[in-house]
Structures are given as structure tokens and as C-alpha cells.
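For reference, the structure is listed below as C-alpha cells.
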Amino acid sequence: MENKTDARRPNFGIWICYFMILASIVFPMTMFYLQLRQNLSLTETIINSFVILLPFFVIPPRLRWSAIVIMWLVVVFYVTNKWYMRFFNDMMPLSSYFLWNNIDGTVIDTALSVMKIKDLSFGVLPFIATYISLFRFRDIFLGYRFSGKIKIIVIAGGLIAYLSYYTCKYISYRPDDDDIELKGKNVIEIIEERCIKPQVCPWVDYDHIGFAGYITKHILSPARNFFRTTAASREDIALVDEFRKLHLGLENNNKKTVGSSGDKNLVFIIVESLNSWVIGQEYDGHKVTPVIDSLISHENTLSALKMVTQVHSGVSSDGQFIYNTGIYPSSEVTTVSYYTGNNYNTLARILDSHTSFEVICESATMWNHSATTKTYGYDYLHDNINNLANRLTRGKDETMFDFAATVIDTVSRPYFAELTTISMHAPYKDPNVPTPKWIAGLTSLDVNMRDYLASANYFDTSLGKFLRRLAEQPDFDKTLVIIAADHRSTVKGRSQEEYRLGFIPFIALNSGFKGTIAHPVGQVDVFPTILDMMGISSGNATGYMGLSMFNPVLTGAVTSEGKLIGDSISDDLKRMLEISGEAANIILRCNL
């Protein structure tokens, strides 16, 4: 029988439990703000913690144990985000917590690489709070009933404090030179822009509205997308039409295809975490990427080393999505988890006369790959190369390339092969890849940097072996080889601003064109560029959102964070880039 303690009698036990649970949330939140902003933000922390624990006062006493669950969930949220922030300089998207199929050895290795002993301190207060609440004061904790007056005061006080804090924050807010979109806007418009509108980076959302608002917003957003109609509103259609009109007008500047039409083969190598800055790097007379360096200088190579990362919460899967469809990924949800049923005019579908296949190192369950390979229109998928590499005790990239070369030896022509590497995945420690002595000897560099350089050097060597074998094919001269990174990656020793810019490489071999594109381009621009080099008219490829790199009007790109990068950007290109993210969200959500 439930012990109903009289709410009118002061009972210090229940308040001891409450303040211990509150402190258990305040501590990790404060430490995270310290990492994010370099200040404690105590007022904001206490208000958010108070709001999070409002259920403590209103739920039935016998269910008050759920407050302990909330406490531990918050602690897990902050610990995992502290790890994620150490590596990616961003918060982990809330949707990523539900992608259980993505958990494999690589993900576990990455997590272990960023853990520190001091992180155990996050669990000390929660452990004490759990003991006090469920053992020391169990009867009081699960039996005490708060009066209706206290419930009203607490709930009203918490909500008023939260809303007042963030309203005052934006009343006193003055946009700086970087906040061009907020210049001239009133307080209501600023609050709508900062607090209600989806933000590209999770940490930006968190910074704007705090933990309570962030969790509420990111739980309601996918729920809203799930229940909302897929029919586009009049405003949605108008925005998409504006984008497509601008895109068509700009693409008309690209009058001709560059490559000769015919039965070219296409090999598309998507490289894990390859940053542009590592290309051309040299230490003590040793080049990190000698093969790529040589390829870039070849007379038949086109390269663009200022390609801007445009992935969102789907990370690697978003990179693959962009390259296969030419469409920006969703900034609202994880694209491959929600929109694999859409209709896309993909590379494999356009090259329908080609035998098409994918080779990936992880399981097909990772990033919903078993579904996306069908969505993209591939004939075959070869997965789990990691298992083969472990059995052979060889590096994963080398094993993948050897496997792919064997398939290419026997596949019918013409063919389209998409090959995705993995050895450069964080923490850059493929267990079967030794670190070269000259890199191990660079003790002035952080160990994370040395591991990254070793991984890049290993990939480069594996790439060279694969290309030499590919060159033995009689139809190699008719094979276009594309090398592009899936996304940027942070490495200790490089600046945060460099990470924010996120330049990654695009390299095209046997392209029929020599040169380096000096201005920024985006990942979405790869799709039409490949079509040009394959000799395919853009009239046969509708739906893509980028511009060919051969198009003279392409002088810049938009980053994942929505920032325009480039010089001499025309008004039409600027407007197209500015609305591209929202247009993509509508196109994906409504399958337009």
C-alpha cells in the first residue's frame, strides 16, 4: 500500500532527494557550457535544470522513480555529447541516439578514443542521488505528495523563469556583422529566427534555446514531420519553384557537355574523412599523399580542393546521398532514415545501360544501406568488407580495393562502381595498418594528428595500388575515376575555423580536362559535373540542385551551417544558395 506522507508537514527528506537530483543535472550541464562557451552560464543552467525536473512535483509519488531515469538520461546526453564535441566540434544530433543499426566496431573504437578518466566525475552525483532517493529516503521519495499550491507555484515559476530569461536574452541582443540575416529585425522576428526555425548545427540550436528548449524542439520536429501531411503548401511550392527557376537560369549558362558521349565506365571512390589540407603536406622530406599529389598534377586530371562539406546529421550517409542524387540532405531529420521511399533521378538510374554496384566496408544495416542501394538504383551491393579484412589481417581500404578490382575484372561493360573507404574513419586507427616510422617520429605533433596522417598515407598507398591494377584493364582509357571525400573531419592541431570551412577534395581522373578549380564549390556540384564529363546532357538529368563545375557562374557554395563561401557571387546564385536548404527540406518532405 502506497505511503502517503502529509504534504502539509515539512519533510526535509524529499527536498534532499530533489536537490541532489537537481545538482546531478546542473553539474554536467555547467561543464558542457564551459566547453561550449568557455563560461559557466550558471543562471541559464539552473533555469533549464529546474524546468527539466518539473515532473518531479506533478507525477504520482509511486512513479517518482522516473525522475531518476530523467536524471541519468540527461547525464548520458552530456557525457556522449562531450565525447562527440571533442572529436567533431559539434553536438551529436538527437536523431543519432536512435540509429542503433549504426553501432559497430568502428563506432565503438571512435567512442573509446575520446573517453577520459575525468568523465567518470559526471556519474558521482547521480550515483549518490540514486542511492539517497531509492534507498536512504525511499519511503518519503516514493510516498510524499506535494500540495496543489506547490505544484502550481513550481510549474508556473519554472515556465515563467525560462520564458523570461530567453525573452530578455533576445530583447538585449544586438546582431553583429556576422548576423546579416538578423539585421533590422525586431525582437519577435529574432526569436522566431533563433528559437523556432531549425538550425543547421545542433550546437547552435542548443546555444540559442538551452537544454529544455533544445530537447523539446528536436523531439517535436521529427514528430511533426511524421504526422504532418506530405502535401506541399502554397508557400512551399512557391519557394521550390523559385529555387528551380533560379537553378535552371544559372544552368543554362553551361551550354555544352565537356566529355564525349558513349559507353564510359565510371568508378566513384568516396573517401572517409579526407580533408583537403592533408593533400600536399610534407614532413621531413616525406609526402603524406604522394599518389594524390601526382594525380593532381597529371595532364588528364581535374581537381577542386575547396569543396565545401554540405552534410547534416546523416554525416557519411548524407555525403553518399548528395553524390548519388545531387540533392542537399535534410536539415530536419536524418535523410536516409526518412526519405528512402522518395523518387530520385540518381547517377545509377541515369546510367541505366551500365552494370552498377556498390562496395562498402561496413554491414548493409549501417545508415540503412540495404534500403538506399535500392533507392539509388544499384544492381548489386557488396558489404561487410571489414569482416574479410579482419580474417585476412589486412587494412580495410586495401582489402576493399582488391575486392572491387576483382569484381571489375568480371563485370559486364560499361559499368558504374561506387567504392566507399573506411580506414580514415575516426579514431584513425585501422588495427591492421602500421604507422610508418617517419610519422611515428613526428613527436611534436599530437598523437591524433599522427594517427590521421598515418591513415591518410595508408589510404593514398592503397589507392595507388588499386589504380595501377585498374590501369591494366583494356578499357581504362574509357574509365572516368572520381575521388571525393564524404565529409570533413576534425584533427587536433588544426584550427576550429578551418574545420568550420570544411574544405574537402574532388578529383577526376581521365576527365579529358586538366586544371584546378580555385574557387569554392559544393558537394551538390559533383553530380552535374560528372554528367558533363560522362557526356550526358543535363536535359536527361532533372531534379539535381547543384551546378556543374564547368559552369562559369559557379563561384561559390553554401556550407552545412548556411554560410556563403566565395567571391563575386552573382545575385541569382546568392539567392539560390540562400534558399537551397529550405527548398531541399520541402523537396524531400513532400517528394517533389
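Computed from a prediction, not measured in an experiment: that's the story for all the values here. Below, each value reflects all heavy atoms present in this structure, side chains not excepted, and no hydrogens, waters or symmetry copies.
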d(I279 CD1, I296 CD1) to nearest 0.5 Å is 4.5 Å
As a quick check of understanding, evaluate side-chain contact (heavy atoms from CB on, under 4.5 Å) for V526 and I322, giving each step before the final call. CA-CA 9 Å; V526 170; I322 296 171; over 6 Å; no
**Report entry** Any L573 side-chain heavy atom under 4.5 Å of V553 side chain
**Finding:** no
Are L266 and I482 close enough that some pair of their side-chain heavy atoms sits under 4.5 Å apart? yes
All heavy atoms of M576 vs all of M545, minimum pair found to be CE-O, 4.2 Å
Heavy-atom check, side chain of T529 versus side chain of V521, under 4.5 Å: no
Exactly one candidate in T289, I292, V291 meets side chain to side chain contact (heavy atoms under 4.5 Å, CB included) with F459; the answer is I292
Taking atom CG of D352 as the centre, report whether more than 12 heavy atoms of other residues, nucleotides or ligands fall under 6.0 Å from it. yes
Rounding to 0.5 Å, atoms OG (S462) and NZ (K396) come to a distance of 13.0 Å
Heavy atoms of L547 and P528 approach each other most closely as C-CG, 3.5 Å
Closest heavy-atom pair, S489 versus Y428, reported as atoms and distance to 0.1 Å, is OG-OH, 2.5 Å
- Query: Counting distance only, does the side-chain N/O of D383 pair as donor-acceptor with the main-chain N or O of A364 below 3.5 Å?
  - Reply: yes
The reported gap from CD in E582 to CZ in R589 (rounded to nearest 0.5 angstrom) is 6.5 Å
Nearest heavy-atom contact between I422 and D397 is N-OD1, 2.9 Å
Notebook entry, point to check: Between Q523 and M307, does a side-chain contact (heavy atoms from CB on, under 4.5 Å) hold up when you go through it step by step?
Noted result: CA-CA 6 Å; Q523 287 181 284; M307 185 162 70; 4.3 Å; yes
Q: Compute whether any side-chain donor of one residue and acceptor of the other, for S548 and N551, lie under 3.5 angstrom apart.
A: no
Value for NE2 (H369) from OH (Y376), rounded to nearest 0.5 Å, stands at 7.5 Å
Return the orientation label for the F268 and Y323 ring planes: parallel under 30°, perpendicular over 60°, tilted otherwise. tilted
Judged by modelled atom types alone, do N81 and Y206 share a side-chain donor-acceptor pair under 3.5 Å?
no
Point to revise | Trace of the side-chain contact (heavy atoms from CB on, under 4.5 Å) decision for Q473 with T479 | key: CA-CA 9 Å; Q473 296 288 339; T479 302; over 6 Å; no
Check your understanding: Are the side chain of S303 and the backbone of I507 linked by a donor-acceptor contact shorter than 3.5 Å?
Key -> no
Donor-acceptor pair, side chain of D460 and main chain of A456, under 3.5 angstrom: no
inquiry  = Could you check whether any side-chain N or O of S317 sits under 3.5 Å from a backbone N or O of V336, counting only pairs where one atom can act as donor and the other as acceptor?
reply    = no
Original post:
Hey, is the main chain of K514 close enough, under 3.5 Å, to the side chain of T301 for a donor-acceptor pair?
Top reply: no
Requested in this report: Using modelled atom types only, decide if a donor and an acceptor are shared between the side chain of T335 and the backbone of D318 within a distance under 3.5 Å.
Outcome: no
Does N585 use its side chain to pair, donor to acceptor, with the backbone of S331 at less than 3.5 Å?
yes
Practice task
Compare all side-chain heavy atoms of F466 with those of L419 and state whether any distance is below 4.5 angstrom.
Solution key: yes
Side chains of F527 and L347 in contact at under 4.5 Å (non-hydrogen atoms) | yes
- With a 6.0 Å cut-off on ring centres, are Y344 and F321 close enough? yes
side-chain hydrogen bond (donor to acceptor under 3.5 Å, both in side chains) filter on E578, not counting sequence neighbours, yields none
- Please walk me through it: do F401 and V359 pass side-chain contact (heavy atoms from CB on, under 4.5 Å)? CA-CA 9 Å; F401 279 131; V359 182; over 6 Å; no
Are D263 and R413 within salt-bridge range, i.e. N to O under 4.0 Å?
no
Rounding to 0.5 Å, atoms CD (Q281) and CG (D293) come to a distance of 9.5 Å
Check: M533 main-chain N/O paired with K264 side-chain donor or acceptor under 3.5 Å: yes
Heavy-atom nearest pair, W277 first then V491, reads CZ2-CG2, 3.9 Å
* To do: Answer yes or no: is there a donor N or O on one side and an acceptor on the other, between the side chain of N342 and the main chain of L588, under 3.5 Å?
  => yes
May I ask you to test the Y338-S330 pair for a side-chain heavy-atom distance under 4.5 Å? no
Output yes when a side-chain donor or acceptor of N265 lies under 3.5 Å from a complementary backbone atom of P414, and no otherwise. no
Result for side chain to side chain donor-acceptor pair (under 3.5 Å) between Y378 and one of T373, T372, N324 points to N324
Report yes if some heavy atom in the side chain of H298 is under 4.5 Å from a heavy atom in the side chain of L509; otherwise report no. no
Review point. Do L302 and F550 have side-chain heavy atoms sitting under 4.5 Å apart?
Key: yes
Problem set entry | Pair S316, D486: side-chain N/O donor-acceptor within cut-off below 3.5 Å | yes
Quiz question: by atom type and distance under 3.5 Å, do the side chains of S568 and T555 form a donor-acceptor pair? no
One should read off an interatomic distance between I270 CD1 and E358 CD, to the nearest 0.5 angstrom, of 7.5 Å
- Message: Checking E272 against H487 for the side-chain hydrogen bond (donor to acceptor under 3.5 Å, both in side chains) test, could you report, in this order, the C-alpha distance in whole Å, the side-chain angles of both residues, the deciding distance, and whether it holds?
- Response: CA-CA 7 Å; E272 174 69 41; H487 56 77; 3.2 Å; yes
Nearest heavy-atom contact between C361 and T420 is SG-O, 3.7 Å
### Query
Under 6.0 Å between the ring centres of H247 and Y544?
yes
